[in-house]
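Heads up: the structure comes next, in structure tokens.
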Amino acid sequence: MIRIAITRAVSRALEHCELTHLPRRPIDFALARRQHAAYEQALREAGCEVRQLPEQTDQPDSVFVEDTAIVLDEVAVITRPGAPSRRGEVESMAVALEGLREIVRIEPPGTLDGGDVLRLDRVLYVGASARSSVDGIAQLGRLLAPFDYRVVAVPLRGCLHLKSAVTQVAPDRLLMNPDWVDARCFPGWEPIAIDPAEPHAANTLRVGDAVTYPASCPRTAEALRKRGNDVRSVEMSEMEKAEGAVTCCSVIVPV
Ligand code: CIR
């Protein structure tokens with residue numbers, strides 16, 4: 001299968017990013033760019049064709065493309081990000097997806113961040129976060145019902161997005177931080193807990209069987225390897241200071 005990975009060059013304004021749960025720390029922009037290039041290389045090695053969108057110098061968080069679109073086999077949903085500062089990111093993603101998918105949109109006043117959307121088979125679990133509103137989640141349900149997807153809101157605590165708290169690591173298995181989300185929200189899935197010393201360890205990017213994973217979480221990485229996962233570590237320190245991680249920096253489009 002061919003997969004396109006849509007990414008975006010790190011904005012030189014990244015240091016002015018939104019922050020919700022983290023204190024502001026200096027970001028090394030040159031290092032962020034190098035780490036982003038290595039992340040893109042990891043995506044290539046996992047079998048993706050990387051299409052990098054141009055830098056948005058006035059959009060600090062625009063490297064986190066995941067939040068702007070939800071791509072399914074049948075359709076792509078252009079979101080309306082919960083942070084007003086991020087709404088200028090979506091149009092260029094819509095243009096990038098033209099020709100790859102039919103496009104539908106979340107409309108005002110609803111808000112939805114792609115980082116809140118975890119697709120597991122025909123169910124889209126959506127974090128009821130500060131970014132994704134009741135109206136935005138309901139709109140997603142209405143947009144996707146004709147394609148036979150079910151949308152389920154999931155309560156969250158202590159983290160930015162649902163995928164900060166839980167991601168899929170194997171055909172039947174989820175990696176999660178039990179302090180942030182309740183495993184009982186995902187019936188039929190085997191929950192694996194992160195190492196408690198690494199609260200941000202639940203965000204993994206699984207492409208095929210390869211799991212791109214933050215180097216900042218070595219204990220959980222080791223535990224995943226022992227379970228047979230093909231874990232590929234990437235340094236993401238500068239993106240982590242901006243409250244982003246491995247899923248956030250790409251939109252994967254199977255073609
Ligand atoms: C924000 O607060 O919107 C950005 N600083 C971080 C977004 C991370 N995105 C993601 O987890 N999907």
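Nothing fancy with the numbering, it's 1 onward along the sequence. Whatever order the structure lists them in is the order used to number ligands and atoms, beginning at 1.
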Inset, instruction - Output all residues satisfying ring pair (Phe, Tyr, Trp, His ring centres under 6.0 Å) with Tyr125, sequence neighbours left out; order by chain, then residue number. - result: Phe186
Legend entry - With sequence neighbours excluded, residues passing side-chain contact (heavy atoms from CB on, under 4.5 Å) with Glu240: Pro214, Ser216, Met236
Inset, instruction - Please examine the side chains of Thr7 and Leu43, heavy atoms only from C-beta on, and report whether any two atoms are closer than 4.5 Å. - result: yes
Legend entry - Heavy atoms from other residues, nucleotides or ligands near CZ of Arg184 exceed 12 (cutoff 6.0 Å): no
Inset, instruction - At a heavy-atom distance under 4.0 Å, which protein residues reach ligand 1? Sort them by chain and number, would you? - result: Glu18, Asp61, Phe64, Glu66, Asp67, Arg86, Gly115, Arg131, Leu160, His161, Ala242, Glu243, Gly244, Cys248
Inset, instruction - Sorted by first residue and then second, give each ring-ring contact (aromatic ring centres under 6.0 Å, His included) pair with at least one member in residues 29-63; sequence neighbours left out. - result: none
Legend entry - Cationic N near anionic O, under 4.0 Å, Glu222 to Arg219: no
